Q: 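Got a structure for you, questions after.
Each residue takes its place number in the sequence, starting with 1. Note that the structure is a prediction, hence the values are computed from the model and not measured.
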Amino acid sequence: MEEASTKRKVTHTLTSGYSDHVRVPNVIVMVGLPARGKTYISKKLCRYLNWAGIKTRVFNVGEYRRKEENACDANHGANANFFSADNQDALRVREESARRAMEDLCEYLETSKGTVAILDATNTTKKRRKMVIDFCDEKGFRCFFIESVCDDPNIINANVTDVKVSEGKEENGRKERNIVGVMSAEQAKDDFMKRIDNYKKQYEPLDMDNETYLSFIKVINAGRSFYVNRVNGHAQSRVIYYLMNIHLLPRVVYFTRHGESEYNAMGRMGGDSPLTPHGDAYAHALEQFFKGERVQDLRVWSSQKIRAVQTAKGLKGIAAHVEYWKALDELDAGICEGLTYADIENRYPKQTEDRKKDKYHYRFPSGESYEDVVARLEPVIMELERQGNVLVVSHQAVLRCILAYFTDRTMSEVPYIDVPLHTLIKVLNLSLEGTYNIILIQLVPRAYSCHLTFYTFDVTRRVVSFLIF
């Protein structure tokens, strides 16, 4: 007698979707003309989902195309004619690139390496999108489209200038040439605008009247408005939640641990002890720093622990608003609260060994893990994405989790991110316009990432120094 399978079966139709919404891999398909921020959205979304524990990877079709023999942008990608609908040779190269990206995407999801794959390409025709839908239908993947629609000339112009027309980027030790280097910057910009015109001739936007069976979101003019249709499952809900909270305005976010507390001085974990004289000195230095920075409409978010509240106290007269978040409290060490590391090793040797094996997932008895902290910090991340200039006064484990989001760190790296006492961390979260006006920035800003500057205060010498992260 054949043994009955215990696996849950999943069926799918275009009109009804999936009959089982549990553990179905998702393919997120970008749609839109060039220079509409598709890659920006892809990378930012990938960073968020990985941080939230949903394994995600971006498959950029343009990168596959540039790896084709005699097909790199430095040769013919810089020429707008390559993207003409009449160029059959180029069309074959582009279709082959899409095919290889989808093969790799399939391998990524079918081997359980990941849960979500993002297909970053223009996908501007119904024919191309139908090919992707059929592919996902055959493989049993759930398909979700993100269409970036933009008719704001300022956003388009900035994206073309800052991202598409550049001297290239360095990745894995290799300099990738963009359009500049083949022609002048002005010629390159003109050529890229012609490329956009070629795509416009064949562009078929997602039809809100006749394609209602599809799951999609339209992001209009960099998030000024949205249209959402037929959301299926947890992952797609998370995507919608995230996309509707982010904005592209240039801003700066600061992070700092509280000043030295009495428990810090004694080497004890957690607790709710007040600041030492050194901690008070740092709180004063922080106040003086922000008086000099003159950050417009600065909001201060502090943990509710005494040592954090005391650190932020002097900023009340400087900040536009001060809030105290329970979500910013330090990781709860449970039965180990108030103990030194030596105490923990002596009293709880098994827990000590378990924690060393997997520090991110290890949960203190009656306490929390780093994974738990990430879960409670999600509302904080969303508000950081919605707000302008913010200073967060919190604790080591909490700031490790937040910085992991901004710097795209893996789970295993989170517990080892260095967040020393008496250090102010300045995060540049740049828009596609690339505009910034920051004092003493030591790193070159790039379009798709955040950059950090550390301001370290020596409480003994009363000197501020600067470090690169």
Side-chain angles (χ1 to χ4, degrees), residues 249-266 272-325 328-330 380 383-384 387-400 402-403 406-407 417-430 435-443 445 450-469:
L249 295 176
R251 64 196 185 280
V252 182
V253 185
Y254 299 87
F255 298 99
T256 185
R257 288 175 66 182
H258 53 80
E260 182 190 64
S261 70
E262 291 179 357
Y263 266 24
N264 287 141
M266 292 186 284
D272 199 16
S273 61
L275 297 179
T276 64
H278 278 174
D280 282 326
Y282 176 68
H284 178 70
L286 197 66
E287 177 186 352
Q288 296 305 310
F289 179 89
F290 278 100
K291 281 182 178 178
E293 279 284 87
R294 300 178 181 274
V295 180
Q296 186 175 9
D297 297 324
L298 177 68
R299 302 177 75 89
V300 176
W301 298 350
S302 171
S303 152
Q304 294 183 0
K305 296 295 184 181
I306 290 173
R307 55 197 184 275
V309 172
Q310 289 178 331
T311 303
K313 183 178 179 180
L315 299 167
K316 287 185 176 180
I318 302 170
H321 193 67
V322 179
E323 297 179 53
Y324 301 94
W325 291 59
L328 291 173
D329 285 359
E330 179 60 302
V380 176
E383 278 302 305
L384 283 174
Q387 297 294 335
N389 302 320
V390 178
L391 164 65
V392 177
V393 182
S394 189
H395 309 268
Q396 180 172 248
V398 172
L399 294 183
R400 281 172 170 168
I402 296 176
L403 288 172
F406 282 103
T407 58
I417 295 175
D418 189 23
V419 187
L421 279 172
H422 303 158
T423 300
L424 179 66
I425 305 166
K426 187 174 186 176
V427 180
L428 298 181
N429 198 355
L430 300 179
T435 55
Y436 66 98
N437 183 20
I438 305 299
I439 301 171
L440 296 172
I441 292 303
Q442 297 178 312
L443 298 176
C450 299
H451 294 271
L452 311 183
T453 298
F454 278 36
Y455 300 79
T456 301
F457 178 68
D458 186 323
V459 294
T460 304
R461 299 168 54 224
R462 300 294 193 270
V463 173
V464 175
S465 57
F466 308 95
L467 306 171
I468 295 177
F469 179 72

Q: If the condition is salt bridge (Lys or Arg N to Asp or Glu O under 4.0 Å), which residues does Glu262 pass it with, not counting sequence neighbours?
A: none
Q: Mind checking ring-ring contact (aromatic ring centres under 6.0 Å, His included) for Tyr263 and listing every partner two or more places apart, or none if nothing turns up?
A: none
Q: Applying salt bridge (Lys or Arg N to Asp or Glu O under 4.0 Å) as the test, list every pair that has at least one member in residues 313-325; sequence neighbours left out.
A: Arg299-Glu323
Q: Output all residues satisfying side chain to side chain contact (heavy atoms under 4.5 Å, CB included) with Ala265, sequence neighbours left out; order by chain, then residue number.
A: Glu260, Thr276
Q: Do Gln310 and Pro274 have side-chain heavy atoms sitting under 4.5 Å apart?
A: yes
Q: Got a sec, which residues hit side chain to side chain contact (heavy atoms under 4.5 Å, CB included) with Val300, two or more places apart in sequence or on another chain?
A: Leu298, Ala312, Leu315, Ala319, Val322, Leu391, Val393
Q: What residues, two or more places apart in sequence or in another chain, satisfy salt bridge (Lys or Arg N to Asp or Glu O under 4.0 Å) together with Lys291?
A: Glu287
Q: Which residues satisfy the side-chain hydrogen bond (donor to acceptor under 3.5 Å, both in side chains) test with Gln288, sequence neighbours excluded?
A: none
Q: I'd like to check the salt bridge (Lys or Arg N to Asp or Glu O under 4.0 Å) partners of Asp329; sequence neighbours left out, ordered by chain and number.
A: Lys326
Q: Listed by chain and number, what are the side chain to side chain contact (heavy atoms under 4.5 Å, CB included) partners of Asp297, not counting sequence neighbours?
A: none
Q: As a quick check of understanding, evaluate side chain to side chain contact (heavy atoms under 4.5 Å, CB included) for Leu384 and Phe255, giving each step before the final call.
A: CA-CA 12 Å; Leu384 283 174; Phe255 298 99; 4.1 Å; yes
Q: Could you tell me which residues satisfy salt bridge (Lys or Arg N to Asp or Glu O under 4.0 Å) with Arg400, sequence neighbours excluded, listed by chain and number?
A: none
Q: Could you tell me if the side chain of Val419 sits less than 4.5 Å from the side chain of Leu403, heavy atoms only?
A: yes
Q: Give the intermediate values and the outcome of side chain to side chain contact (heavy atoms under 4.5 Å, CB included) for residues Glu330 and Val398.
A: CA-CA 6 Å; Glu330 179 60 302; Val398 172; 3.9 Å; yes
Q: Classify the angle between the aromatic ring planes of His258 and His395 as parallel (below 30°), tilted (30 to 60°) or perpendicular (above 60°).
A: tilted
